[in-house]
Amino acid sequence: MKASLKACDVVIFGGGGDLAMRKLLPALFHLDMDGLLAPTTRIIGASRREVSTEDYQAKVRDALDEFVPSSIGDEKTWPRFKERLSYVSVDAQQESDFSRLNDHQVGGDDRDVVFYLATSPDLFGSICSSLATHGLNADRMRVVLEKPLGRDLKSSRAINDEVMKNFNEQQAFRIDHYLGKETVQNLLAIRFGNTLFEPLWSSAHIDNVQITVSETVGVEGRWGYYDNAGAMRDMVQNHLIQLLCLVAMEPPGRMDADSVRDEKIKVLKALRPIVGANAYNKTVRGQYAKGMIKGKGVQGYFDEEGSNPDSRTETFVALRADIDNWRWAGVPFYLRTGKRLGQRYSEIVIQYKAVPHSIFSDESNRQLQRNQLIIRLQPEEKISLTVMNKVPGASEGMNLQPVDLNLSLTEAFNDKRSPEAYERLLLDVMRNDATLFMRYDEVEAAWKWVDGIMSAWSQTSERPKEYASGSWGPAASMALPIKDGRNWHDY
Ligand code: BG6
């Protein structure tokens, strides 16, 4: 990682909340540990509660103890990190409170400022307007906008319009933490740092692409938020679609923000709309029922605290997307994601076509499998390529067997800690690099596509299909690629 040693103030709205404690502050701590924060960079928690800086520091320390694995918890860094931390009480809806940020010298000495809005998006507009009123929207100041950016195109536009009244597009960093994951960036390295894959990266050689993000957790006490969103808005509209864009986009001319985003937007615009009756053939919705995960009984969606038995919110989605352009004509992109599934893992599978003609015997032919490139994002970070090999031994004749050529990033770079997604992304905001963030037209195009599907769903009386927790989702999801003569890749 290149250093961001320019001094900067990082102000976290929602500074006492879950995201700040679990992800943002541990990420900043790691950056400090790795020597990537300038000596005078400050981190300022902001939220409505009246808390002293000392109490805030103690709360952060507790969070670090809980969320930074002890093997890398570093007592040398803590005193330095603690010095950087302070707290300012600001009610996001009280414009006058924002003067406390001026009193705190935020942005003083012409430093860059990152305002991280880890709050409900309903507050983005008023926070940005109050920041501007207090002179805190100069070009060297940036806002990071956490998802969900709305719940449809209309609400997303409204949020964006509010933010854009006081900040310009170059200052707006719309975060999708999946883009900060190491293997996701490695996908770009694999595609554009090698000559090997790109000539084979099209419908001429690829049969289908599969993107799976499977979670074992349920809604984790956030029924209210989740039920208003569902898997489509919570995961597909952002994380899965972003992965699809990186797989499908044309090679950008340069690795810079607009070149990459210009290519992603072309993919989004080429996504074939899934509307009306097509939504029944091409999508499957599910809702988890009780079941077993890793030998333990777990509750169903309607047993979760705060649940409402009439809810039709999907906790699982599988769908077939098609990209209408030369490169991808006829190549289905199967996407699926769900909560309370059998295993936590995320992967992208590039499934190549079968050999055009086999020279082998019937027996060998039965063993012939197609090449697959598997990019595993989690739990482990690895890339593997399945190729056919001869089984060794004179008596084996021409027996074939698929063998995985594995690149385990953990093993290949074993002296390197793999950074968390938020580390990379926070560093990028501090050094003003928006390549791994979403431009507004991308968010809008993704919503437009998702809105088409959601609107088709809303016109049916059909409920999402129930699936047992610990399974791989509703049976209909299994059938989705089977209808096309294909299968999901087994984990
Ligand atoms: C978040 C969703 O954006 O991503 C959560 O709101 C989901 O519902 C999470 O659990 C998954 O992220 P990760 O990095 O754990 O795969």
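Note: hydrogens, waters and symmetry copies are ignored here, and every other heavy atom, side chains too, is used. Remember, it's 1-based here, ligands and their atoms both numbered in the order they're listed.
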Hey, are R174 and E169 close enough for a salt bridge, meaning a charged N less than 4.0 Å from a carboxylate O?
-> yes
Can you label the angle between the F333 ring and the W328 ring as parallel, tilted or perpendicular, going by 30° and 60°?
-> perpendicular
Which of the numbered atoms in ligand 1 are below 4.0 angstrom from a heavy atom of K181?
-> 13 (P), 14 (O), 16 (O)
Identify the closest protein heavy atom to atom 15 (O) of ligand 1: which residue and atom is it, and at what distance?
-> R344 NH2, 3.5 Å
Side chain, backbone, both or neither: which part of R222 comes within less than 4.0 Å of ligand 1 when only heavy atoms are counted?
-> side chain
Just say parallel, tilted or perpendicular for the rings of H177 and H239, cut-offs at 30° and 60°.
-> perpendicular
Do R340 and T315 have side chains that get closer than 4.5 Å, going by heavy atoms?
-> no
Do T183 and N186 meet the criterion of a side-chain donor-acceptor pair at a distance under 3.5 Å?
-> no
So is Y226 close enough to ligand 1, meaning a heavy atom under 4.0 angstrom away?
-> no
Measure the distance from atom 16 (O) of ligand 1 to every protein heavy atom, then report the residue, atom name and distance (to 0.1 Å) of the closest one.
-> Y178 OH, 2.4 Å
Parallel, tilted or perpendicular: which fits the ring planes of F197 and W201, with parallel below 30° and perpendicular above 60°?
-> perpendicular
Aromatic plane relationship, Y301 with Y226 - under 30° parallel, 30 to 60° tilted, over 60° perpendicular = perpendicular
Check against side chain to side chain contact (heavy atoms under 4.5 Å, CB included), V450 and I241 | CA-CA 10 Å; V450 162; I241 288 189; 4.0 Å; yes
Between the candidates L377, D234, N238, V219, which shows the shortest non-hydrogen contact distance to atom 6 (O) of ligand 1?
-> D234
Measure from atom 13 (P) of ligand 1 to every heavy atom in E420, E215, H177 and give the option owning the shortest one.
-> H177
May I ask you to identify, for E220, whether its side chain, its backbone, both or neither come under 4.0 Å of ligand 1 on a heavy-atom basis?
-> neither
Going by the order shown, which atoms of ligand 1 are within less than 4.0 Å of some heavy atom of K339?
-> 5 (C), 7 (C), 8 (O), 10 (O)
Ligand-side contact atoms (ligand 1) for residue partner K147, heavy atom cut-off under 4.0 Å = 1 (C), 2 (C), 3 (O), 6 (O)
Sub-4.0 Å atoms of ligand 1 with respect to non-hydrogen atoms of Q378 | 13 (P), 16 (O)
One finds that the ligand 1 atoms under 4.0 Å from a non-hydrogen atom of H239 are 1 (C), 3 (O), 4 (O)
